[in-house]
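Report on the structure given below.
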Amino acid sequence: MYRYTDFDTAFLAERNRQFRAQVERRISGALTEDEFKPLRLMNGLYLQLHAYMLRVAIPYGTLSSAQMRQLALLAEKWDKGYGHFTTRQNIQYNWPKLTDVPDMLDALAEVGLHAIQTSGNTIRNVTADHFAGAAADEVADPRPVAELLRQWSTDHPEFQFLPRKFKIAVTGAPNDRAVIKAHDIGIEVVRRGDEIGYRILVGGGLGRTPMIGKEIAAFVPQADLLPYVEAVVSVWNLLGRRDNKYKARIKITVHEHGIDEIRRLVEDRFAETRAAFNGTDLEIFDHIRAQFAPPAFRNAPDDVYDAAYATDPVFRAWADTNLTAHKVPGYAIAQISLKAHGETPGDASAEQMRVLADLAERFGHDELRISHEQNVVLPHVHRSDLPKMHKILKAHGLATANIGRISDIIACPGMDYCALATARSIPIAQKIATRFDELKTEADIGELKIKISGCINACGHHHVGHIGILGLDRGGVETYQITLGGDATQDAALGDRTGPGFSYEDIVPAIERIVGAYLEQRESPEETFLQAYRRLGMAPFKAALYDTADAQSEAA
């Protein structure tokens with residue numbers, strides 16, 4: 001893991017000192033709320049429906065046990081005892097007092113964390129594959145690249161007042177677990193012969209006008225990565241719409257000008273930025289990469305795992321859903337679900353955070369990851385330790401065996417917290433999870449990813465859900481639109497809208513009808529919902545959903 005240098009520490013201390021003075025001026029009345037707003041947003045502080053909200057960056061989703069314990073401390077000391085992990089691999093505290101925020105930032109700095117650029121029209125937290133450094137299909141660990149981008153983008157003088165927010169995601173594997181095609185810039189580590197380089201995508205994004213990113217460069221060498229990314233952002237910074245915030249994102253710029261013209265402009269700008277880089281970025285990258293050396297893996301028998309798997313059905317169910325193959329024999333990647341049936345997706349109590357920190361320290365080489373799917377990952381666990389770890393997880397409500405299943409729902413905070421939301425998200429997720437737990441059909445359904453957003457901004461990634469749900473306000477009434485067939489992987493696709501929306505009371509039965517149609521019409525239990533949708537198309541699902549003569553006719 002990256003360890004902060006003396007420069008990093010001094011930078012954060014000075015930044016926090018400045019913000020503490022700004023908070024004092026706001027409290028005294030020397031600053032109005034309008035004057036204070038841009039200052040607080042630069043430090044991750046929002047004003048939500050009921051209170052301030054502090055959004056803390058977890059760069060590329062990686063945490064040590066000490067950092068996780070500090071997040072627990074913040075939740076317990078300055079919030080209501082919990083935090084909310086988001087699709088940007090951040091954590092949000094929904095109830096801090098303004099007077100306490102400077103102390104919270106100082107506490108974060110003690111363990112190398114901050115809230116810089118988690119809001120505002122800047123380059124946001126750089127995210128990465130949550131299996132980075134552990135995945136069996138990985139070309140190279142993407143986290144050193146993400147850390148290089150984090151350092152380059154933090155307080156970059158040219159990019160502090162962009163047309164809109166800007167999001168970058170990095171994957172080190174051909175199987176995309178970082179949703180790179182739905183980002184302003186998506187970066188994939190690729191190999192050409194013996195050389196490692198990067199495939200660059202631009203113009204992806206969800207929200208009001210969802211689009212899939214387009215390839216702008218098939219292979220950028222390591223020496224050119226940073227000047228090339230700088231060229232992309234620079235071109236957009238000049239071209240991006242500032243007259244209309246709904247048309248300001250780079251996806252609109254790419255759409256309006258075309259990928260070929262954007263590529264030409266980027267290449268022209270790259271010739272200038274490349275000449276300005278003198279190789280210091282490569283020296284920094286080598287220093288960063290050295291800090292991401294693999295842990296000291298151990299070689300041990302795993303007969304304890306085999307015995308537990310053979311004799312304990314609860315452990316076996318958890319292992320089948322929550323474990324993924326590791327690149328090192330004898331190890332596994334363990335996903336810890338924060339989606340217990342009926343609970344708020346992505347929420348973790350201070351106690352649970354401490355338990356996860358203890359498990360990482362004891363069994364996981366002191367590493368944790370936060371996934372964009374709002375779960376926690378222990379990337380390096382020896383199989384022989386998994387039965388013991390599972391028992392501890394069970395004791396603390398963290399052993400839900402549902403990764404990738406219908407109750408493993410991504411959901412934004414919605415109207416329960418967010419000032420932008422137009423409908424509730426959390427109760428819908430809770431009701432769906434509870435309903436299918438009652439039906440005991442999750443295992444039979446298999447892989448099915450539901451994503452819920454409480455407004456058009458799509459923080460819940462509903463556009464790329466196998467089943468997407470968008471909550472809207474229609475004349476003061478919560479209405480939920482459904483999309484089908486979205487995909488967040490390397491085969492990324494935007495979901496198709498089914499038709500008219502459903503009320504708060506009717507949305508769960510509607511989802512039940514869609515799932516029922518899938519179970520009736522799939523070719524075999526091995527055919528997933530997404531595969532069935534791609535084979536069958538919309539018609540049979542629409543017929544089941546609306547049960548109208550027109551829909552039945554269309555399905556015939």
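Any value given below was found using the heavy atoms of this structure, including those in side chains, with hydrogens, waters and symmetry copies removed.
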Can a donor-acceptor pair be found, under 3.5 Å and without considering hydrogens, that links the side chain of [X] to the backbone of [Y]?
{"X": "Asn94", "Y": "Gly83", "result": "no"}
{"X": "Asn278", "Y": "Thr280", "result": "yes"}
{"X": "Glu138", "Y": "Ala135", "result": "no"}
{"X": "Asn237", "Y": "Glu158", "result": "yes"}
{"X": "Thr171", "Y": "Ile180", "result": "no"}
{"X": "Trp236", "Y": "Ala248", "result": "yes"}
{"X": "Gln374", "Y": "Thr86", "result": "no"}
{"X": "Gln151", "Y": "Leu148", "result": "no"}
{"X": "Gln92", "Y": "Val56", "result": "no"}
{"X": "Glu230", "Y": "Thr273", "result": "no"}

As a test of understanding, state which of Arg249, Lys167, Lys165 forms a salt bridge (Lys or Arg N to Asp or Glu O under 4.0 Å) with Asp184.
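The single option meeting the salt bridge (Lys or Arg N to Asp or Glu O under 4.0 Å) with Asp184 is Arg249.
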
Identify the residue among Lys251, Arg241, Lys247 that makes a salt bridge (Lys or Arg N to Asp or Glu O under 4.0 Å) with Glu256.
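So, applying the salt bridge (Lys or Arg N to Asp or Glu O under 4.0 Å) to Glu256 and each of Lys251, Arg241, Lys247, only Arg241 qualifies.
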
For [X], does the [atom1] atom sit with more than 12 other heavy atoms under 6.0 Å from it, leaving out its own atoms?
{"X": "Lys37", "atom1": "NZ", "value": "no"}
{"X": "Tyr246", "atom1": "OH", "value": "no"}
{"X": "Asp6", "atom1": "CG", "value": "no"}
{"X": "His156", "atom1": "NE2", "value": "yes"}

Given side chain to side chain contact (heavy atoms under 4.5 Å, CB included), test Val145 with Ile288 step by step and report yes or no.
CA-CA 9 Å; Val145 174; Ile288 291 170; over 6 Å; no

Rounded distance (nearest 0.5 Å) linking atom [atom1] of [X] with atom [atom2] of [Y]:
{"X": "Leu378", "Y": "Asn322", "atom1": "CG", "atom2": "CG", "answer": "11.5 Å"}
{"X": "Glu478", "Y": "Tyr480", "atom1": "CD", "atom2": "OH", "answer": "4.0 Å"}
{"X": "Met538", "Y": "Thr483", "atom1": "CE", "atom2": "OG1", "answer": "8.0 Å"}

When you check the gap from the basic side-chain N to the acidic O, do [X] and [Y] get nearer than 4.0 Å?
{"X": "Asp141", "Y": "Arg289", "value": "no"}
{"X": "Arg40", "Y": "Glu33", "value": "yes"}
{"X": "Arg405", "Y": "Glu447", "value": "no"}
{"X": "Arg177", "Y": "Glu373", "value": "no"}
{"X": "Arg274", "Y": "Asp224", "value": "yes"}
{"X": "Asp487", "Y": "Arg534", "value": "yes"}

Are Arg143 and Phe292 in a cation-pi contact, defined as NZ or CZ under 6.0 Å from the six-membered ring centre and within 45° of the axis?
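Not flagged: Arg143 not positioned over aromatic ring of Phe292.
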
side-chain hydrogen bond (donor to acceptor under 3.5 Å, both in side chains) between Thr489 and Asp176, worked out:
CA-CA 5 Å; Thr489 71; Asp176 180 18; over 6 Å; no

Any side-chain donor near an acceptor of the partner, [X] and [Y], under 3.5 Å:
{"X": "Glu188", "Y": "Gln490", "value": "no"}
{"X": "Gln18", "Y": "Glu14", "value": "yes"}
{"X": "Glu147", "Y": "Tyr60", "value": "yes"}

Please say which of Ile403, Asn402, Thr344, Ile409 ends up in a side chain to side chain contact (heavy atoms under 4.5 Å, CB included) with Lys339.
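Going through Ile403, Asn402, Thr344, Ile409 one by one, the side chain to side chain contact (heavy atoms under 4.5 Å, CB included) with Lys339 is satisfied by Asn402 alone.
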
Centroid-to-centroid, Tyr417 to Tyr46, below 6.0 Å?
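Distance test on ring centres: not under 6.0 Å, no.
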
Taking the ring of His365 and the ring of Tyr331, is the distance between their centroids below 6.0 Å?
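They qualify: ring centres under 6.0 Å apart.
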
Go through the steps for Leu63 and Leu113 under the test side chain to side chain contact (heavy atoms under 4.5 Å, CB included), then give the verdict.
CA-CA 9 Å; Leu63 289 170; Leu113 292 173; 4.2 Å; yes

From CA spacing to verdict: side-chain hydrogen bond (donor to acceptor under 3.5 Å, both in side chains), Glu283, His287:
CA-CA 6 Å; Glu283 295 174 8; His287 171 72; over 6 Å; no

Any [X] side-chain heavy atom under 4.5 Å of [Y] side chain:
{"X": "Leu54", "Y": "Met104", "result": "yes"}
{"X": "Ser453", "Y": "His461", "result": "no"}
{"X": "Ile185", "Y": "Ile216", "result": "no"}
{"X": "Ile406", "Y": "Ile450", "result": "yes"}
{"X": "Gln222", "Y": "Phe285", "result": "yes"}
{"X": "Leu45", "Y": "Phe19", "result": "yes"}
{"X": "Leu108", "Y": "Leu12", "result": "no"}
{"X": "Tyr198", "Y": "Val229", "result": "no"}

Criterion side-chain hydrogen bond (donor to acceptor under 3.5 Å, both in side chains) against Glu261, the qualifying member of His257, Arg264, Arg263
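It is Arg264, the one option of His257, Arg264, Arg263 that forms the side-chain hydrogen bond (donor to acceptor under 3.5 Å, both in side chains) with Glu261.
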
Passes side chain to side chain contact (heavy atoms under 4.5 Å, CB included), Phe131 versus His326? Steps please.
CA-CA 9 Å; Phe131 292 171; His326 196 284; over 6 Å; no

Test side chain to side chain contact (heavy atoms under 4.5 Å, CB included) on Thr118 and Arg124 and set out the steps.
CA-CA 5 Å; Thr118 57; Arg124 298 289 183 91; 5.6 Å; no

Over all heavy atoms of both residues, which pair between [X] and [Y] is shortest? Give the atoms and the distance, please.
{"X": "Leu545", "Y": "Thr498", "answer": "CD2-OG1, 3.5 Å"}
{"X": "Asn125", "Y": "Gln89", "answer": "ND2-O, 3.9 Å"}
{"X": "Pro163", "Y": "Asn121", "answer": "O-ND2, 3.9 Å"}
{"X": "Ala458", "Y": "His463", "answer": "CB-CD2, 3.8 Å"}
{"X": "Asn375", "Y": "Ile336", "answer": "CB-O, 3.5 Å"}
{"X": "Pro142", "Y": "Ala128", "answer": "CG-CB, 4.4 Å"}

For salt bridge (charged side-chain N to carboxylate O under 4.0 Å, His left out), just list the numbers for Asp408 and Lys449, CA-CA rounded to whole Å, side-chain angles, deciding distance to a tenth of an Å, and then say yes or no.
CA-CA 7 Å; Asp408 183 15; Lys449 299 195 175 184; over 6 Å; no

